Chemist: 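Structure incoming, see below.
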Amino acid sequence: MKNKEKFDIITKNLEKGEIDMDYKELADLIFPDAKEISYYEEKYPERNLPEGAMVVRVAPSPTGNVHIGTIYQAFLNRKLAKQTGGVFYVRVEDTDQKREIENGITQIIETLKKFDLAPDEGMINETESKGEYGPYRQSLRKEIYQAYAKHLLEQGKAYPCFASAEELDEMRAKQEAAKVRTGYYGVWAKYRNLSVEEAAEKIKNGEPYIIRLKSPGREDRKIKHHDVIKGNVDFPENDQDIVIIKADGLPTYHFAHAVDDHLMHTTHVIRGDEWLSSVPLHLQLFQMLEFKAPKYAHIAPIMKEDEGGKRKLSKRKDPEAAVSYYTEIGVPKEAVIEYLLNIANSSFELWRKQNPNASIDEFELQLNKMSVSGALFDIVKILDIAKTVISKFSAEKVYEKSLKWATKYDKELEKMLENKEYSLKVFGIERGNKKPRKDISKWSEVKENIEYMYDEKFAEKDQEYPYQVINDKESIEKILSLYIEKYYGEKDDKQQWFDKIKELAGEMGYAKEVKEFKENPDKYKAHVGDVSTVLRVALTGRTNTPDMYEIMQVLGKERIFKRFEKAIENLK
Ligand code: GLU
């Protein structure tokens with residue numbers, strides 16, 4: 001319905017006497033300065049978007065330390081908006097001012113940006129926003145909620161309630177004793193049927209009050225709801241006279257949800273499934289306000305195994321619930337997002353296998369294919385995904401990301417990376433080819449992964465030379481000396497390099513081929529692979545490294561010789 005039409009209907013109703021003039025007076029007494037709702041209806045017109053475009057949002061509260069669930073929801077919403085040519089916005093729900101923390105909004109926005117989830121509209125820091133449908137911070141929308149509350153009051157669809165905390169406690173105790181549902185409803189709703197005069201009197205006397213919805217619902221009647229994710233669900237109607245405006249003049253979540261998602265023209269409310277049971281109330285609010293209700297999609301939360309059972313991943317109990325955890329251990333954002341997409345649509349895994357190098361933008365997310373129950377959080381899987389993601393990064397990118405992480409979290413690594421040119425070569429080992437090495441899953445692993453390539457770090461570890469099959473001093477010394485004197489060739493290509501190790505093995509009386517060794521195990525003490533191991537251990541202090549040829553290329557003649565000499569020294 002057009003705003004103008006709506007306004008005309010209200011005016012007509014008023015003329016027909018359907019709006020009780022007493023209600024109007026009471027409404028004026030409560031909210032004397034509130035504007036007509038037609039003002040807002042005109043100020044926030046329908047959005048001009050293509051057919052099927054989704055207008056979606058996240059609505060976090062600025063309570064500090066962003067939860068991975070917020071990133072999950074933001075990602076889903078943003079992706080759907082992108083896929084349909086719609087709008088993704090961020091609305092900050094700060095009506096519970098007790099829970100707020102300083103710079104909470106900036107923290108949320110910065111985190112979203114870090115994960116490439118910057119919204120099209122919404123807050124950009126504590127006070128500023130972009131977009132035509134703001135303010136995007138609920139505490140700045142007080143007058144808007146009051147206008148709509150006034151509108152309900154004028155029609156007798158809401159009323160002031162003067163119940164004190166003691167009265168409410170007493171009511172609850174009675175309900176519990178009588179074994180009936182608790183809450184403010186039906187006969188228990190003490191101030192629901194107060195006459196307008198009585199209410200006005202109390203207000204004039206300065207008695208404190210809040211505004212409640214006069215619910216027309218009945219608990220013995222059912223409503224049918226189709227949730228985009230959960231499917232068809234039946235609920236009893238809402239009959240609770242819920243609070244819509246609190247004593248501080250700010251709205252409750254429920255009321256703000258209806259007003260905001262209407263005025264901001266949200267098409268799909270995609271939110272945590274803890275809100276599913278509020279749907280009857282929300283649909284009722286939309287109906288009473290004469291708004292078209294959005295579609296709802298309730299997302300199952302990310303779960304955690306706990307003492308044999310399952311529970312929601314909790315910011316209080318689980319460090320991995322906070323997004324900052326991933327930044328701190330240095331898991332790249334691409335891996336976190338990719339993991340979340342795995343949870344969201346089970347078809348993603350297969351798609352990824354078939355399209356290993358495609359951008360996730362090419363995957364079509366389907367809301368109705370989301371799982372109904374919560375996925376178990378799996379850090380092993382995240383790290384596994386991260387390994388693949390990092391293996392596809394260029395050396396330059398790995399360098400930049402590691403350095404950025406190190407600057408904040410690891411001074412020693414930062415120092416190691418000072419020599420950029422050399423570090424790029426180190427990161428370039430077995431990278432950029434068809435089957436890149438998958439050995440880093442987080443930036444906090446980088447130091448341990450590459451430290452043997454740096455002389456200072458390598459020198460610290462001179463006591464550890466884990467030689468294997470060939471482990472007697474004499475043989476080791478001979479292999480290393482021979483290699484330096486006779487077999488090292490600075491300009492050798494990989495084949496020449498390897499052939500020379502074979503020759504060295506032959507000269508030492510070992511099998512030049514592993515196959516030969518296997519065929520005549522009694523004839524040889526060791527084979528070419530064992531010779532390689534001696535070289536590898538002397539060179540790196542490790543038995544397991546990336547390609548030794550590439551390592552030697554990066555280390556260069558001088559370092560190689562020094563390391564071999566040091567290893568010989570160490571034998572004595
Ligand atoms: N502030 C609510 C929450 O964080 C928003 C729910 C919604 O998306 O409507 O749970």
Side-chain angles (χ1 to χ4, degrees), residues 54-81 86-101 104-105 107-109 111-112 117 119-123 133 135-141 144-145 225 227-230 238 242-244 246 250-286 289 291-303 312-316 321-323 344 367 370 374:
M54 290 170 76
V55 179
V56 287
R57 83 295 189 276
V58 279
S61 302
T63 52
N65 233 344
V66 183
H67 192 289
I68 183 85
T70 305
I71 295 299
Y72 185 39
Q73 289 188 18
F75 170 70
L76 298 174
N77 278 289
R78 184 171 175 281
K79 178 132 180 68
L80 291 164
V87 175
F88 166 59
Y89 70 89
V90 173
R91 180 173 73 229
V92 173
E93 306 215 328
D94 62 342
T95 58
D96 186 359
Q97 297 184 324
K98 289 192 291 289
R99 291 170 56 222
E100 247 172 79
I101 65 146
I105 300 179
Q107 214 184 86
I108 293 169
I109 303 305
T111 307
L112 289 178
L117 300 173
D120 303 313
E121 283 174 20
M123 299 306 292
Y133 289 81
Y136 295 90
R137 183 178 171 175
Q138 289 183 330
S139 58
L140 303 176
R141 301 173 60 79
I144 304 179
Y145 306 119
H225 163 64
D227 192 272
V228 182
I229 295 174
K230 306 273 177 187
N238 171 63
I242 59 122
V243 179
I244 58 172
K246 301 181 289 180
L250 285 168
T252 52
Y253 164 70
H254 307 295
F255 191 58
H257 155 51
V259 172
D260 292 345
D261 282 311
H262 162 69
L263 290 177
M264 296 177 181
H265 300 276
T266 307
T267 60
H268 293 70
V269 170
I270 304 168
R271 63 184 178 187
D273 68 5
E274 68 272 24
W275 296 110
L276 182 64
S277 60
S278 300
V279 163
L281 164 62
H282 295 165
L283 292 177
Q284 186 178 65
L285 276 166
F286 276 88
L289 287 158
F291 298 158
K292 177 173 185 280
K295 288 207 167 69
Y296 286 98
H298 287 92
I299 308 173
I302 303 172
M303 308 294 281
K312 266 197 210 177
L313 195 64
S314 134
K315 259 200 309 195
R316 222 163 16 87
V323 180
L367 204 47
M370 299 258 317

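In listed order, ligands and their atoms are each counted from 1. Note that the structure is predicted; figures quoted are calculated from it, not measured.
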Chemist: Can a side-chain donor-acceptor contact be found between Y145 and D260 if the only test is distance below 3.5 angstrom?
Modeler: yes
Chemist: Out of all atoms in ligand 1, which are within 4.0 Å of some heavy atom of R57? Include the element for each.
Modeler: 7 (C), 8 (O), 9 (O)
Chemist: For K295, is the NZ atom crowded, meaning more than 12 foreign heavy atoms sit under 6.0 Å from it?
Modeler: no
Chemist: N/O of E93 under 3.5 Å from N/O of ligand 1, yes or no?
Modeler: yes
Chemist: Quick one: look up the protein heavy atom nearest atom 4 (O) of ligand 1 and list residue, atom name and how far away it is.
Modeler: A59 O, 3.6 Å
Chemist: Is there a polar contact between ligand 1 and R91, counting only N or O atoms under 3.5 Å apart?
Modeler: no
Chemist: Please report whether ligand 1 has a polar contact with P60, defined as an N or O pair separated by less than 3.5 Å (distance criterion only).
Modeler: no
Chemist: Do any nitrogen or oxygen atoms of R271 come within less than 3.5 Å of a nitrogen or oxygen of ligand 1?
Modeler: no
Chemist: Of all the atoms in ligand 1, which lie at a distance below 4.0 Å from a heavy atom belonging to W275?
Modeler: 3 (C), 6 (C), 10 (O)
Chemist: Taking the side chain as everything from C-beta on, heavy atoms only, tell me whether V269 gets closer than 4.5 Å to W275.
Modeler: no
Chemist: Is the F291 ring parallel, tilted or perpendicular to the H262 ring (thresholds 30°, 60°)?
Modeler: parallel
Chemist: Atom 7 (C) of ligand 1: which protein heavy atom is closest, and how many Å away?
Modeler: Y253 OH, 3.2 Å
Chemist: Check whether the side chains of Y253 and E93 place a donor and an acceptor atom closer than 3.5 Å, and report yes or no.
Modeler: no
Chemist: Could you walk me through whether L289 and F255 pass the side chain to side chain contact (heavy atoms under 4.5 Å, CB included) test, one step at a time?
Modeler: CA-CA 10 Å; L289 287 158; F255 191 58; 4.1 Å; yes
Chemist: For the pair Q107 (side chain) and N65 (backbone), establish whether a donor and an acceptor sit closer than 3.5 Å, ignoring hydrogens and angles.
Modeler: yes
Chemist: Would you kindly specify which portion of Q73 sits under 4.0 Å from ligand 1, judged on non-hydrogen atoms: side chain, backbone, both or neither?
Modeler: neither
